[in-house]
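The structure appears right after this line, and notes come after that.
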Amino acid sequence: MKIKIRLATLSDLNKLMGIFDTARRFMQSTGNANQWINGYPQRELITHEINSGHCYVCINEQESVTGTFCFIQGPDPTYSRIDEGDWLDNDPYWVIHRIASDGSCRGIFEACINWCEKQTPNLRVDTHADNKIMQNLLEKHGFIRCGIIYVANGTPRIAYQRHNTSHS
């Protein structure tokens, strides 16, 4: 299945909030009940991400939005401190946040990573210790576990980086 990626618009907002609801339920059903809690990500945050040009949608062959992610140029303040390890390098990087799917289409993660790597060779991402599915996906796609970072609310996340030095 061919997945297209485009910037999200405010007209996508309701669909995106539904995708996040689905993703939260999926995470809870797979042993990750602590990552996206208390309604995170909130509508206001996603509205801000759309208005800032950071939020993208994944479109299936039927032209339906089936996934989303945020792609933000570093430096990310939460990545300035890393415990129990080190980043692969200090080169300029971009961060992928809030990858989510409505579950109707396989390949959202891979499409996101492939698209992001076409924008920059140096990618960073983090995930919750309970999110075993995301950890497996990241490692399967060549991301290296670098250490522990702390998000804005102070909770730890496992930090990953992939730097494709053969990127032109």
Among side-chain atoms of [X] and [Y], is any donor-acceptor pair under 3.5 angstrom?
X: Arg24; Y: Thr22; result: no
X: His141; Y: Asn114; result: no
X: Asn14; Y: Arg43; result: yes
X: Ser64; Y: Thr66; result: no
X: Thr78; Y: Asp76; result: yes

Query raised in the report: Are more than 12 heavy atoms from other residues, nucleotides or ligands located less than 6.0 Å from atom CG of Asn90?
Result: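 For Asn90, atom CG is not crowded (no more than 12 foreign heavy atoms under 6.0 Å).
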Pair [X] + [Y]: basic N to acidic O under 4.0 Å:
X: Lys132; Y: Asp130; result: no
X: Asp126; Y: Arg145; result: no
X: Glu117; Y: Arg162; result: yes

Report task. Evaluate the salt bridge (Lys or Arg N to Asp or Glu O under 4.0 Å) criterion for residues Glu61 and Lys4: first the C-alpha distance (whole Å), next the side-chain angles of each, then the deciding distance (0.1 Å), finally the verdict. Result -> CA-CA 8 Å; Glu61 290 171 337; Lys4 291 188 277 186; over 6 Å; no
Indicate if [X] and [Y] have the same hydrophobic cluster label, given that clusters are the connected sets of ILVMFWY residues with side-chain heavy-atom separations under 4.5 angstrom.
X: Val151; Y: Ile82; value: yes
X: Ile133; Y: Phe143; value: yes
X: Ile72; Y: Tyr79; value: no
X: Val95; Y: Ile46; value: no
X: Phe71; Y: Leu7; value: yes

Query raised in the report: Is a side-chain donor or acceptor of Asp12 paired with a backbone partner of Thr9 at a separation under 3.5 angstrom?
Result: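 Checking the backbone N and O of Thr9 against the side chain of Asp12, a donor-acceptor pair under 3.5 Å is found.
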**Report entry** Nearest non-hydrogen partners of Asn60 and Cys105, listed with the distance
**Finding:**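 Of all heavy-atom pairs spanning Asn60 and Cys105, the closest is CB-SG, 4.4 Å.
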**Report entry** Closest non-hydrogen atom pair between Ala129 and Gln135, with its separation
**Finding:**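 Minimum heavy-atom contact is O-NE2, 2.9 Å.
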Report task. Any chance you could lay out the side-chain contact (heavy atoms from CB on, under 4.5 Å) test for Leu16 and Ile50, step after step, and finish with the verdict? Result -> CA-CA 11 Å; Leu16 296 181; Ile50 291 170; 4.0 Å; yes
**Report entry** Student check: side-chain heavy atoms of Phe109 and Phe69 closer than 4.5 Å
**Finding:**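 Side-chain contact under 4.5 Å: no.
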Output a table of donor-acceptor pairs, distance under 3.5 Å, between side-chain atoms of residues 52-59 and any protein atom two or more places apart or on a different chain; print 'none' if there are none.
from	atom 1	to	atom 2	distance (Å)
Ser52	OG	His48	O	2.8
Ser52	OG	His48	NE2	3.4
His54	ND1	Glu49	OE1	2.9

**Report entry** Test ring pair (Phe, Tyr, Trp, His ring centres under 6.0 Å) applied to Tyr93 - qualifying residues, sequence neighbours left out
**Finding:**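 If we apply the ring pair (Phe, Tyr, Trp, His ring centres under 6.0 Å) test to Tyr93, skipping adjacent residues, there are no hits.
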Taking atom [atom1] of [X] and atom [atom2] of [Y], what is their separation to the nearest 0.5 Å?
X: Ile158; Y: Glu139; atom1: CD1; atom2: CD; value: 8.0 Å
X: Asn122; Y: Thr120; atom1: CG; atom2: OG1; value: 6.0 Å
X: Leu123; Y: Tyr160; atom1: CG; atom2: OH; value: 15.0 Å
X: Arg157; Y: Ile148; atom1: CZ; atom2: CD1; value: 10.5 Å
X: Ile99; Y: Leu138; atom1: CD1; atom2: CG; value: 7.0 Å
X: Ser101; Y: Ile19; atom1: OG; atom2: CD1; value: 7.0 Å

Query raised in the report: Who are the salt bridge (charged side-chain N to carboxylate O under 4.0 Å, His left out) partners of Asp102, not counting sequence neighbours?
Result: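 Residues passing salt bridge (charged side-chain N to carboxylate O under 4.0 Å, His left out) with Asp102: Lys15.
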Requested in this report: Evaluate the criterion side-chain contact (heavy atoms from CB on, under 4.5 Å) for residue pair Cys112 and Ile96; output intermediate values, then yes/no.
Outcome: CA-CA 9 Å; Cys112 166; Ile96 304 167; 4.0 Å; yes
